Amino acid sequence: MKRVQIKEELCMGCGLCRVACQTEHSVSHDVIKAVKKENQKPRIRVERKGEISFSVPCRHCDEPWCAYSCISGAMTRDPITGIVSSDPERCIGCWTCIVACPNSALIKDKANHVILKCDLCGGKEIPACVANYPNEALGLVDG
């Protein structure tokens, strides 16, 4: 199982990981259209406080409390790949998974009443946030 690793000491809080995520999950795969026209939400957030900043992607936990707490069965963990995913067709927007997530890595899509989360870019070899980060604050590791 591959996981995104955060190197907090290298993170500048620039948000480029969010932009890369938005673009990757957009219909057009065009950075301007994804952010300005399609209003695609990123599946990663960035915490900033003074000089400290770091990205917060889903950790695809071995014990996914978000999936265990999901009352609609929308959150699941693939037993082969280890990827924890959310099915927007089944998600009812109750946000129980947000409360259960120990990493605060889930994003509310209030407009569509569903949860958004890192999906490792659909099984790509290297997720967009990692591939497009300028100073290697995000990496992909076996975990």
Side-chain angles (χ1 to χ4, degrees), residues 1-78 81-88 90-143:
M1 169 71 196
K2 299 281 187 183
R3 290 194 170 105
V4 175
Q5 178 186 41
I6 300 100
K7 297 174 190 167
E8 296 171 21
E9 68 278 6
L10 298 177
C11 181
M12 303 178 300
C14 65
L16 286 176
C17 55
R18 289 172 44 92
V19 173
C21 181
Q22 284 175 284
T23 305
E24 180 63 32
H25 289 92
S26 71
V27 174
S28 66
H29 294 290
D30 177 272
V31 66
I32 302 300
K33 289 178 184 174
V35 175
K36 294 288 189 177
K37 294 182 180 177
E38 295 176 30
N39 199 24
Q40 179 65 43
K41 290 194 171 289
R43 295 162 186 237
I44 188 172
R45 63 185 184 79
V46 176
E47 283 287 319
R48 296 177 185 94
K49 185 169 184 175
E51 295 294 316
I52 300 169
S53 58
F54 54 91
S55 297
V56 184
C58 175
R59 304 287 201 271
H60 299 278
C61 302
D62 292 331
E63 293 290 330
W65 294 105
C66 58
Y68 297 160
S69 70
C70 182
I71 62 175
S72 69
M75 298 286 286
T76 57
R77 182 176 187 273
D78 185 296
T81 65
I83 294 174
V84 178
S85 60
S86 177
D87 180 352
R90 296 184 73 181
C91 183
I92 60 172
C94 68
W95 318 131
T96 305
C97 55
I98 288 178
V99 176
C101 177
N103 301 305
S104 301
L106 306 176
I107 309 291
K108 285 183 187 178
D109 181 350
K110 292 180 183 178
N112 296 308
H113 302 290
V114 296
I115 206 72
L116 296 175
K117 61 172 300 307
C118 173
D119 60 359
L120 295 175
C121 292
K124 289 180 77 170
E125 189 172 328
I126 300 175
C129 61
V130 174
N132 294 287
Y133 214 82
N135 65 345
E136 299 178 1
L138 295 178
L140 196 63
V141 297
D142 288 317

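Please read all numbers here as calculations on a predicted model, not as lab measurements.
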Side chains of Arg45 and Ser104: closer than 4.5 Å at any heavy-atom pair? yes

With sequence neighbours excluded, tell me which residues meet side-chain contact (heavy atoms from CB on, under 4.5 Å) with Asn135. Leu10, Met12, Tyr133, Ala137

Kindly indicate, with the supporting measurements, whether the criterion side chain to side chain contact (heavy atoms under 4.5 Å, CB included) is fulfilled by His60 and Cys118. CA-CA 8 Å; His60 299 278; Cys118 173; 3.8 Å; yes

For atom NZ of Lys37, is the number of surrounding heavy atoms from other residues, nucleotides or ligands below 6.0 Å larger than 12? no

Are the side chains of Cys94 and Ile71 in touch, meaning some heavy atoms are under 4.5 Å apart? yes

Between Asp119 and His25, which heavy-atom pair has the shortest distance, and what is it? OD1-NE2, 2.9 Å

Specify the closest pair of heavy atoms between Ala34 and Ser26, including all atoms of both residues, with the distance to one decimal. CB-CB, 3.5 Å

Minimal non-hydrogen separation, Leu116 against Pro42, with atom names: CD1-O, 4.4 Å

Test Leu138 against Ile6 for side chain to side chain contact (heavy atoms under 4.5 Å, CB included), laying out the working first. CA-CA 5 Å; Leu138 295 178; Ile6 300 100; 3.7 Å; yes

Sequence neighbours left out, what passes ring pair (Phe, Tyr, Trp, His ring centres under 6.0 Å) with Trp65? Give chain and number order. Tyr68

Heavy-atom closest contact (Cys66 atom, Met75 atom, distance): SG-CE, 3.3 Å

Just wondering, are more than 12 heavy atoms of other shown residues or ligands nearer than 6.0 Å to CD in Glu136? no

Hey, are Ser53 and Glu47 close enough side-chain-wise for a donor-acceptor pair under 3.5 Å? no

Show me the pairs that pass salt bridge (charged side-chain N to carboxylate O under 4.0 Å, His left out) and involve residues 17-34, at least two apart or across chains. Glu24-Lys124

Check this for me: does any side-chain nitrogen of one of Arg3 and Asp62 sit under 4.0 Å from a carboxylate oxygen of the other? yes

So which atom in Cys97 and which in Ser69 form the shortest heavy-atom distance, rounded to 0.1 Å? CA-OG, 3.6 Å

Could you walk me through whether Ile115 and Ile98 pass the side chain to side chain contact (heavy atoms under 4.5 Å, CB included) test, one step at a time? CA-CA 8 Å; Ile115 206 72; Ile98 288 178; 3.4 Å; yes

Step by step, work out the side chain to side chain contact (heavy atoms under 4.5 Å, CB included) result for Phe54 and Val46. CA-CA 6 Å; Phe54 54 91; Val46 176; over 6 Å; no

Distance from Lys108 atom NZ to Lys41 atom NZ, nearest 0.5 Å? 11.5 Å

Which atoms form the tightest heavy-atom contact between Glu38 and Val27, and what is the distance? OE1-N, 2.8 Å

